[in-house]
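The structure appears right after this line, and notes come after that.
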Amino acid sequence: MCGIVGYIGQNNAIPVVIEGLQRLEYRGYDSCGIALLNVTGINLEKVTGKVNKLQGALAQQQTSSPVAIGHTRWATHGPPTVDNAHPHVSQDGKVALVHNGIIENYKILRDELENSGYEFSSDTDTEVVVALISQAYHGNLESAVREALSHVIGAYGLAIIHADEPEKIVCTRKGAPLIMAVGENEYFVASDVAAILKYSKDVIYLDNEEIGVLTPDGIKTYSSDENQIAKKIHKITFNLEEVEKGGFEHFMLKEIFSQPQTIHDAMRGRLLPEEGNAHLGGLNHMIGSILHADQRYFTACGTSWHAALIGEMMFEQFARLPSEVEYASEFRYREPLVDTKSIVFAISQSGETADTLAAIQEAKNRDATVLGICNVVGSSIARETEAGVYIHAGPEIGVASTKAFTSQVTVLSLLTLKLARLMGMSDADGLEIAQAMQRLPEDVEWLLKQADQIAEIAKLYADASNFLYLGRGVNFPVALEGALKLKEISYIHAEGYPAAEMKHGPIALIDRSMPIVAIAPQDKTYDKIISNIEEVKARHGRVIALATQGDTRIKDVADHVLYVPPALSFTAPILNVIPLQLLSYYIAVERGCNVDQPRNLAKSVTVE
Ligand code: AGP
């Protein structure tokens, strides 16, 4: 949830770390700080608010340093104050560290340390780690870190410096992301590749409990049992432009508009339109296990959970394979009925979501086979799962997920097609579906051309306090996703419902002040949804309908109609979500909200 950047090398570390923090602000943005290290010791600067403020404070100091660690925070323990901002420094002023994660036993450790006379200066869980390292230090920082962490229970990504070893950064991780990168006589540590991409594409992924030691001479990595280990250097394949706005006002808008390309990328080399089939290299050897499993589970959080719901419906409808979906946060605690004959799909954009990682662990403990559907290459979930598929959406910086959702659903559609063909779907049906999928990028292009119309509608509804989203079948998760997008970035309360459920309760809320978004494609439930819309109109509700291009009847009942190209239920969710993403975006902009960094949220939730 927080962002970490560290630099050691021949240049001034400050601009590198500041720029890195700016690129990581989407991960947490309530306060930030930097610790500089040189022969005179540690120099600390912390502020509440954004990295620009920190940059201003440093500019006044006119200082420089070849070593620095920085942090941008999303508060968990203690409010966003300067004292609680990272880096945290030990009582003797010699150890400084930045931390991402949660120290679960911090209260016990803090009591023990206070009883022994240690004085804390923040409310954070992190500060106990600084204190422990300080106490364990006898001339070698990595040994002190190892000793200190043997007392710690929890999740961490850490970068640490010590005033007595001014040419060293030590870093380690457990359950929170952290990478190291190799430049030209300079070395980096970061919680996210985006932070250092400008300087290096050569990345080393640290595994849990490994310790990295960065000096001006290079990087050494040690296993938890202190042995030096050789780590592979991975080449990052995406470019700096992908983590920049590229002329768009917000990352979210850029990401919405990139979907023709990202959907295409998710299908590239996988969709077989001539055969009416799909090929997923990463799962090829698992297809038999998926088909013959006793249970198939999808587990995920938030937007990825909505994609999972669509996956479940498609598996059942088209491949006739019974499946279940469970929130990752619930999966772990409800003693799931999974065993060696179960397949669990973990879906995650970031690949770092703590709840999803915990669900994976639970499934593994019960001997299930866990497969990943993930965006971030080399992420924890990608590494913790037995096999899987990357969605290839590229870096998603906007906190509200958009392009990752459509890419997740694209991959789930490909997988469904593959399984359905093996389960007896006819050539004709396979061909029809594969060709509809092939048209998706161009259909999405068409939808994006409606952006101005959607922006006009958004102006009429930006002052609403509540919204209701209705959809049926595969469009019910789309309604949930539309509502989540609106909540996240505009702070308007919104709920998604299966359309027919409206009359079982939510109808009581309907009046002129509560807009309804009804997803009403011309499918088998069309007449029923039209009736639902009429029920809304009879109660003076205002309706924005998503309808199939060419549908003229709907104009008589809805206040506004957003047209969507004709779609199969296979491809409908991907198309229908696009206008809803745009509607949320333009409403949030109209309300003056910070679209890319909405309040209280962070891009990847690395705490349970
Ligand atoms: C989406 O807009 C959200 N910010 C959030 O619900 C997100 O989808 C969820 O936290 C799961 O993240 P993941 O896909 O990275 O695991």
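Numbering of residues begins at 1 and proceeds along the displayed sequence. Because the structure is predicted, anything quoted here is derived from the model rather than measured. Remember, it's 1-based here, ligands and their atoms both numbered in the order they're listed.
Looking only at heavy atoms of the protein, atom 10 (O) of ligand 1 is closest to Val605 CG2, 4.0 Å. Of the protein's non-hydrogen atoms, Glu488 OE1, 2.6 Å is the one closest to atom 2 (O) of ligand 1. The protein heavy-atom contact nearest to atom 11 (C) of ligand 1 is Cys301 O, 3.3 Å. With respect to atom 14 (O) of ligand 1, the closest heavy atom belonging to the protein is Ser304 OG, 2.5 Å. The single protein non-hydrogen atom nearest to atom 6 (O) of ligand 1 is Gly302 CA, 3.2 Å, given as residue, atom name and distance.
Of the heavy atoms in Lys485, only side-chain atoms (C-beta onward) come closer than 4.0 Å to ligand 1.
Near Gln349, the atoms of ligand 1 lying under 4.0 angstrom from a non-hydrogen atom of the residue are 13 (P), 14 (O), 15 (O), 16 (O). The Ser401 neighbourhood of ligand 1 comprises atoms 1 (C), 2 (O), with distances under 4.0 Å to a heavy atom of that residue. Taking every non-hydrogen atom of Val399 and a distance limit under 4.0 Å, the qualifying atoms of ligand 1 come out as 2 (O), 4 (N).
Checked against a 3.5 angstrom limit, the closest N/O atoms of Ile347 and ligand 1 fall outside it.
Within the set Ser350, Ser379, Cys374, Ala400, the minimum heavy-atom distance to atom 15 (O) of ligand 1 is found for Ser350. Nearest to atom 12 (O) of ligand 1 by heavy atom, out of Leu484, Thr353, Thr303, Asn375, is Thr353.
Side-chain N/O atoms of Arg173 and Ser191 include no donor and acceptor closer than 3.5 Å. If you check the side chains of Gln597 and Lys50, you find a donor sitting under 3.5 Å from an acceptor. Between Ser380 and Glu352, the side chains place a donor N or O and an acceptor N or O closer than 3.5 Å (distance only, hydrogens not considered).
A side chain to side chain donor-acceptor pair (under 3.5 Å) with Gln581 is found for exactly one of Glu481, Lys485, Glu255, Gln259, namely Gln259. Screening Ile574, Leu412, Val577, Val478 against Ile310 for a side-chain contact (heavy atoms from CB on, under 4.5 Å) leaves a single residue, Val478.
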Is there a ring-ring contact (aromatic ring centres under 6.0 Å, His included) between Tyr469 and Tyr497 once you walk through the steps?
CA-CA 6 Å; Tyr469 286 69; Tyr497 260 90; over 10 Å; no
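Counting heavy atoms of neighbouring residues, nucleotides and ligands inside a 6.0 Å radius, atom CG of Leu337 does not exceed 12 of them.
Closest non-hydrogen pair, Trp305 versus Leu480, comes out as CZ3-CD1, 4.0 Å.
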